[in-house]
Structure formats: structure tokens, C-alpha cells
Amino acid sequence: MSNSVTTPGIRHGRLPAELYASHFDDLYPVYDPHEAMVAADRCYFCHDAPCITACPTEIDIPLFIRQIQAGQPEAAARTIFDQNILGGTCARVCPTETLCEGACVREAAEGKPVEIGRLQRYATDALMARQGHPYARADSTGKRVAVVGAGPAGLACAHRLAMHGHEVTIHEAEAKPGGLNEYGIAAYKMAGGFAAREVEWLMGIGGITLETGKALGRDLSLDQLQAGFDAVFLGIGLGDVNRLDIPGENLDGVRDAVEFIAELRQTEDLSRLPIGRDVVVIGGGMTAVDAAVQSKLLGAEHVSMLYRRGREAMSASDHEIEHAATEGVTIITNATPVAIHGQGAVAEVEFAYTDGTGENFRLRADQVFKAIGQKLAGMDGLTMEGRKLAAQPAAGVWAGGDCTGGGEDLTVTAVAQGRDAAAEIHAYLTGNGG
Amino acid sequence: MADLSTNFVGIKSPNPFWLASAPPTDKEYNVVRAFKAGWGGVVWKTLGAEGPPIVNVNGPRYGAVWGADRRLMGLNNIELITDRPLEVNLREIKQVKRDWPDRAMVVSLMVPCDEDSWKAILKRVEETEADGVELNFGCPHGMSERGMGSAVGQVPEYIEMVTRWVKQHSRMPCIVKLTPNITDIRKPAEAAKRGGADAVSLINTISSITSVDLDSFSPEPSIDGKGAHGGYCGPAVKPIALNMVAEIARDPATAGLPISGIGGVTTWRDAAEFIALGAGTVQVCTAAMTYGFGIIKEMTAGLSLYLDDKGMTLDQLQGRAVPNVTDWQYLNLNYVTKARINQDLCIQCGRCYAACEDTSHQAISMSPERVFDVIDEECVACNLCVNVCPVQDCITMEQLPKGATDPRTGHEVGDYANWTTHPNNPMASAAE
């Protein structure tokens with residue numbers, strides 16, 4: 001018997017098989033060359049351009065767009081990669097509407113910014129399609145650096161260090177490199193196995209050894225790394241998730257959104273991935289949106305996303321929230337979960353309005369995704385800043401990405417932090433400043 | 001609706017929009033389509049002398065310059081005059097004129113530079129009952145290598161000589177089409193007038209190479225890896241054409257000589273500008289070749305609407321701007337303006353700042369908050385900021401009133417005064 005969107009429970013194959021591919025394909029298709037020319041022509045080549053300032057990696061955006069205009073997308077890609085070696089991912093996943101495109105003067109002028117993200121993808125795709133890696137390594141320095149975590153921060157750091165001639169070993173806890181690019185971002189943003197392709201391309205510079213299945217605190221210790229390498233970079237992300245701490249949290253059908261997204265990203269045939277008929281997502285960030293939208297795309301009949309405060313306080317961007325709404329996700333704000341009800345498995349989630357009415361309501365649910373934030377797993381002997389690692393948490397140890405502060409947990413910030421840590425490590429290893 | 005009917009040196013047409021001598025007017029089929037669409041007249045594609053038909057290249061005839069969205073900005077061609085048999089063209093001209101008596105039918109001609117050749121072709125054209133002839137002294141490519149086209153147009157004495165032959169051997173109105181590939185357009189115009197031309201038409205195309213293929217290193221359009229210069233036309237050439245029309249319209253030696261304006265006319269607005277500079281009709285080619293004949297409806301409707309809005313007749317528009325075209329030396333040096341930036345419209349792109357700071361007079365300031373202001377003490381009113389600003393009317397030039405002090409020069413704004421009386425001019429005529 002086959003399932004449909006209205007089949008109760010957590011079921012796979014709710015949709016006709018042919019729909020899955022299109023549902024999880026690129027959200028924004030790649031420009032063809034003519035579209036890219038027209039889009040690039042809209043750039044004003046602003047003086048001291050606001051888009052550059054708004055980019056955490058400070059890509060010279062007007063320059064790369066002008067290079068597209070001048071018919072050299074590959075030169076444009078060099079401009080991008082010089083600042084951000086994960087420019088391919090950032091082109092796909094950056095919340096550009098709050099970064100470069102939000103700062104674009106055409107956004108102010110006409111509410112329609114230059115489509116910087118899509119242009120960046122056009123350029124980076126062009127260069128990455130070429131055989132070979134575009135950067136060459138400096139002469140070997142004989143120095144060895146351990147990078148922990150093959151996510152955006154670790155990869156950016158490793159690439160820059162390798163470029164400077166250092167030998168880098170990346171230790172990755174998971175089976176595959178990429179971090180959230182591989183496990184944590186909606187599939188339609190990273191279609192076509194891009195995360196894996198990008199890592200392979202990036203490693204093409206040489207001088208980087210990848211060891212997967214090696215987790216800090218489980219398979220290796222910081223002491224070992226400090227003893228065995230000249231410097232250490234920690235890009236370990238946020239390994240732990242927050243709990244709701246309400247009754248019923250342990251019922252069947254209740255799980256962390258990050259775990260669900262990771263499973264989805266690693267599922268070859270999405271028609272085999274079960275999803276509830278009535279899905280409730282708790283949280284107001286990007287992870288909540290990614291979980292909610294993909295639930296809908298998998299064929300859930302009703303998907304609700306609930307956030308305890310108002311819409312303006314949601315960390316997901318307006319653009320993301322609009323996308324969720326367009327896909328049919330019901331967004332309810334100012335409602336906090338108080339209990340999850342059910343016999344063995346979840347049947348309903350009870351919420352209380354937080355806007356002072358004192359009223360409670362229940363939503364039918366056969367699946368609940370918790371997306372109420374991640375946190376750093378316990379770390380001993382390292383300097384903290386608040387709940388996160390300091391940028392240099394120990395002597396000879398640097399850190400960057402989501403495990404450190406200041407970045408709103410954005411991929412692009414992780415890249416900037418990894419890259420900048422590499423510069424500091426390079427200076428430290430070669431005795432130049434630092 | 002304003003009346004657009006035109007009488008140009010005795011040639012009548014329901015509107016001043018003619019198709020220029022070019023591929024669109026090479027055949028009865030095309031011309032009939034044009035007349036059905038509403039074009040006022042045509043100049044039939046240039047006929048050559050009796051004999052074996054002209055041969056064209058069998059590779060590309062056109063090269064182009066495009067904007068980002070493939071908008072055609074300029075077109076270049078290496079096509080020669082008509083390559084169809086003379087008798088066929090003449091027969092079709094006669095038939096079309098008979099079928100469309102209210103439309104202007106002018107025949108473009110280019111034959112070798114001897115009196116007999118001209119005498120012979122004129123007789124044949126007269127038999128068609130066409131309204132007039134246009135002498136093609138303009139094409140810069142191909143035929144010029146054989147002593148025709150611009151090779152004639154570049155020598156005023158030849159223009160005068162041939163024009164005189166034409167007037168001597170024909171009763172038809174004679175329009176002389178001028179090449180822009182000369183130093184001073186007034187000289188060939190004067191020569192045409194001396195020869196008895198009823199009118200001049202200009203500009204023909206400009207010698208050009210549109211691009212170079214950076215792989216094959218061939219100029220475009222490429223014929224088997226080689227290229228010859230072509231004739232450039234389309235929107236890109238309009239400013240050059242407007243100036244040349246104005247030069248002829250305002251020069252005392254040629255003032256009053258009827259002009260058919262040609263060069264980048266794409267919309268009614270372009271046509272109105274040519275007419276304001278003295279043109280009696282305009283001729284269109286590239287716009288029609290780009291968009292087809294349907295554009296005539298925008299052109300006629302647009303010109304009518306403009307005239308209605310202005311409460312003017314077509315005659316009143318004609319030449320209206322000519323008195324305002326002058327020499328630099330007569331420009332008012334006491335017309336002092338300053339750039340003004342409308343902060344409500346400014347989108348803070350900073351292009352005005354970059355242009356002024358890098359390439360001009362450092363007369364625009366930029367605050368850390370990206371507020372751009374004009375520094376009157378430095379602003380020479382060059383207008384570059386206005387031209388590079390992407391927002392229309394965001395930056396405007398504001399005139400300082402008489403009696404105000406220009407903060408840049410410390411001088412008070414006075415009455416009209418020009419270079420001819422300026423103290424720095426060694427040739428200044430004493431004012432006292």
C-alpha cells in the first residue's frame with residue numbers, strides 16, 4: 001500500500017516518486033551566461049561599496065561583478081576565492097538579504113538589489129568546473145598544523161595554511177567532511193552533492209590530510225594535538241543541542257531538527273525518508289525553517305513552525321520566513337511549548353501564548369522537531385568568552401566558526417574566522433608578529 | 001492629432017519618417033510592407049549602372065555593438081549597393097509608386113563619376129515616376145574603393161560636378177547624401193548647394209571596425225579570417241549626426257538648404273531632435289532593421305503627441321533649436337551653476353564622489369555615513385556627477401542668481417559676457 005500526504009503517522013513515500021528530485025533541486029537555478037550579463041550590468045560599481053562592508057569575508061563584490069561584465073567569470077571567481085575559499089557555498093547559503101544584497105544601493109533605491117549571491121555562484125561554478133585547483137602552495141615550511149573539524153571554519157583555515165606551505169591535518173568527527181555544509185543545511189541550497197565536491201576541490205591545493213571519524217575528546221585529546229603539531233585550530237562547531245525541558249519531550253516522534261536534517265542530507269532516496277503527516281517545528285532560526293520547509297517538501301500535510309517571541313525576534317531572515325510561508329508552512333509566533341502529549345508517541349503539542357492572554361492551545365502532531373538552538377559541548381582547559389570559545393583559547397591554539405562568538409553562526413563568518421586564524425597561525429609559525 | 005504631412009523639396013509624404021536607402025528598401029516586397037505599416041516614404045536602395053549586377057560577400061555583412069541585454073547600440077555593414085538587376089529594381093519602383101502614390105519614393109543612385117553614366121541612369125529613373133533622387137556620396141566601404149560613394153563625397157569639387165550633371169539632366173528633385181568621413185561637413189554641403197542640389201541628407205555611415213575577435217584576431221564582421229572596415233550606424237552615431245546637421249543648418253553659406261536627417265533615429269524623440277535642428281524629414285534604417293517596421297506607429301504617434309502637447313505644428317518645430325547652436329566663444333561665462341544633490345533621492349552609491357574625486361575637481365565630500373555633498377568652493381559645474389549618477393534628477397545643476405558671489409572664484413555673477421570680451425583673451429575686442 002502506498003502512502004499519501006494524509007496517511008497518519010510517520011511515513012515515507014507520501015509523494016509521487018518523481019516529485020522528490022524537483023523538490024530538493026536548486027532553489028535558485030544557475031544563471032545562464034546572458035542572464036548573468038544582464039544581472040551584472042545592474043551593478044553600479046559603488047565607491048567604497050556598502051556590499052563589501054556587509055560581507056564578513058569582505059569580497060570585492062563590485063570588482064567580481066565587473067569581471068563578469070567583462071566576460072571573465074573565472075577571473076571573478078579568483079576575486080571571490082582570494083577572500084573566501086568557500087565562496088561556492090556562501091553563494092548558495094548566505095542570507096544575502098541581510099548581508100551584501102541588503103546593503104546594495106539598489107535595495108534602497110528600488111527594493112531590488114543586484115543578485116550578488118547568484119552572480120557569485122555563476123562565477124564560482126565557472127572556475128570550479130575547470131580541471132585543477134586555482135591556487136598553488138608556497139614552498140614547504142616544515143610546520144605542521146592540526147585542524148579540528150572539517151566544517152567551513154576548519155576548511156578555510158586549512159586551505160590558507162596549506163597555501164602558506166604548512167602541512168595540515170584535519171580531524172573530523174563525522175564520516176564525511178563539510179560540517180554543516182554536508183549535514184546541516186537544507187538540501188535545496190546545496191543540491192547536486194555540492195558540499196562534497198567543494199571539499200574535494202578545496203583539498204586540491206595539496207598539503208592537507210583529512211582524517212574522518214576522529215572526534216576531539218573521544219578519539220583524540222587537545223594535549224596530543226598540541227604535542228604532535230606546531231599549532232592547533234579548533235573549528236568544532238556546536239556539538240550539543242538545547243532541550244525543551246517540558247513533559248513529553250522523550251515521546252516517540254520528538255527529535256532534534258539538526259539530527260533530522262543530517263539524516264535527510266545523507267539519504268540518497270528521499271522517498272524512503274519517513275515524515276509525519278502533522279509536523280510541529282519549535283524554534284525561529286534557520287534550522288527551524290530548514291526543518292519545516294523540508295518536512296513540507298517530503299510530503300507532510302500540515303507543518304507548523306512556532307516561536308516563543310514575535311516575528312521580528314526570529315533569527316531566520318524575512319526572506320527565509322517568506323520562503324517557508326510560500327512553501328505552505330504555518331508560522332505561529334508568541335507561543336511557547338508547555339507539554340507534549342501522547343501515549344508512547346507524540347499526538348499533540350500544547351502551547352501557551354506568551355503575549356499575556358494566558359491562553360493555551362494544542363496542535364495535532366505525529367512528529368515534532370526541536371530547533372531551539374545549539375550549544376558548545378563541554379570543553380575543559382580552554383578560555384571561554386561567554387558560552388563559547390575565545391578566538392585563541394590556549395597557547396598555540398586558535399578557534400573559529402560557530403564554536404566561537406561574534407558570528408551569528410553564519411557560514412560566511414566561520415570562513416572569515418578560519419581564514420583570519422590561519423593568518424595569525426602563519427605569523428606565529430614563521431615568527432612574523434603574532 | 002498634429003498633422004505630420006510633409007512637403008520636402010516638393011516631395012510629399014504623409015509623415016516625415018522615411019526609410020533610408022539600405023537593405024529594408026531593396027525590394028518591392030519590403031517597401032510594400034513598410035508602406036502598409038505606415039512609413040511616409042522610402043529612399044530605394046542605391047541603384048548602380050546598367051551591367052552585371054553587383055556582387056556581395058557571402059559571409060557576414062554586419063557587425064554590432066551591444067549593451068548588456070543585447071540591445072543593439074551600433075551596427076556596421078559591409079554590404080554594397082543593390083545586387084539585383086537594374087531593370088528589376090526600376091520595374092518594382094514604378095509599380096510601388098503607382099500603388100502608393102501618397103508615399104515618397106526617392107531613388108538612391110551611385111554610378112561612376114562620368115557624365116554619361118549619370119545621364120543614362122537618370123533617364124531610367126525618371127521613367128519610373130519616382131519623386132526624386134538621392135546621390136549616394138556616402139558609403140565608406142567597398143564602392144569607395146572603386147571611386148564611388150564616399151570617395152566622391154570626400155571631394156567637394158566632385159560633389160559639385162556630379163550634382164550639376166544631375167540637375168542638368170533631370171527634372172527630379174536632387175538630394176545629395178553626405179559622408180561623415182570628412183573633416184568639416186560644411187564643405188561638401190556647400191559644394192552640393194553650389195552644384196544646385198535641392199537638399200542634402202546626412203549622415204551616411206561612419207567608417208568603422210566594430211570589434212576584434214581575440215582568438216582569431218580577425219576584425220568583425222569576419223570574412224574567412226579577414227575584415228574590411230564597414231559603415232557604422234544606429235543609436236551610437238546619433239550625436240555625431242545631430243552635430244553635422246546643426247553645422248549645416250546654422251552656417252550662413254548653407255542655412256536654409258533643406259536637410260533630411262539620418263543617423264540613429266530610433267524613436268519619435270530622436271526624430272524631433274533632428275527636426276528641431278533643421279531637418280525637414282528623417283530617414284531611419286537601423287531601428288527598422290532591429291525591430292521591424294512596426295516601430296513607425298510609435299514614431300508617428302509620439303511626434304504627434306509631442307506637437308500637440310507643445311501646441312506646435314511640425315513646421316514650427318523645424319529648426320527651432322538652430323538659433324541656440326552657437327560657437328563656444330559666445331557661451332555666457334557668467335552663467336554660473338553648482339551641482340545640487342537631492343538627499344532624498346540619493347541612494348548613496350558614491351559614483352559622483354569617485355568621479356569627482358578621482359577624475360575631476362574634488363568638489364564632492366563623503367561622510368562616514370555615506371552622505372555626499374557638493375563643495376561649492378571647488379565645484380566648476382562640469383556636470384560629470386549628473387552624468388554618472390544612476391538616479392535621474394538626483395543631482396541637478398542650479399544657477400547662481402545675478403549678484404551672487406561664486407564661492408569658487410570669489411567673483412560676483414554678472415550679466416552675459418563671453419570669451420570675445422574676456423580679459424584673458426589676447427584677441428578680446430575692447431569693451432570700452
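Sequence lines set the chain letters: A, B, ... in the order given, protein chains first and strands last, and positions in each chain run from 1. Just so it is clear, the model here is predicted, and its values are computed rather than measured.
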Heavy-atom count around A/Glu200 CD within 6.0 Å, excluding the residue itself: above 12?
-> no
CG/B/Asp309: more than 12 non-hydrogen atoms of other groups inside 6.0 Å | yes
Top contributor to chain A interface from B/Pro390, B/Gly67, B/Cys346 [non-hydrogen pairs under 4.5 Å] | B/Pro390
For atom CD1 of B/Ile209, decide whether the heavy atoms of other residues, nucleotides or ligands shown that lie under 6.0 angstrom number more than 12.
-> no
Mind checking which of residues 59-84 of chain A sit less than 4.5 Å from chain B, heavy atom to heavy atom?
-> none
Measure distances from B/Arg70 to the heavy atoms of chain A and classify the residue's part below 4.5 Å as side chain, backbone, both or neither.
-> both
Give the minimum heavy-atom separation between A/Val105 and B/Gln348, together with the two atoms involved.
-> CG1-O, 3.6 Å
For B/Asp358 and A/His47, does a side-chain donor sit closer than 3.5 Å to a side-chain acceptor?
-> no
Atom pair OH/CZ of A/Tyr44 and B/Arg351 - distance to nearest 0.5 Å = 7.5 Å
Atom pair CG (A/Asp48) and CE (B/Met366), whose distance is rounded to the nearest 0.5 Å | 4.5 Å
For B/Arg370 and A/Cys46 the tightest heavy-atom approach is NH2-CB, 4.3 Å
Indicate yes or no for a side-chain donor-acceptor contact from A/Arg106 to the backbone of B/Ile347 under 3.5 Å, with no hydrogens or angles considered.
-> no
Over 12 foreign heavy atoms within 6.0 Å of CZ, A/Arg130 | no
Correct closest heavy-atom pair for B/Ala68 and A/Val38 would be O-CG2, 4.0 Å
Take atom CZ in A/Arg311; do more than 12 heavy atoms of anything else shown fall under 6.0 Å from it?
-> yes
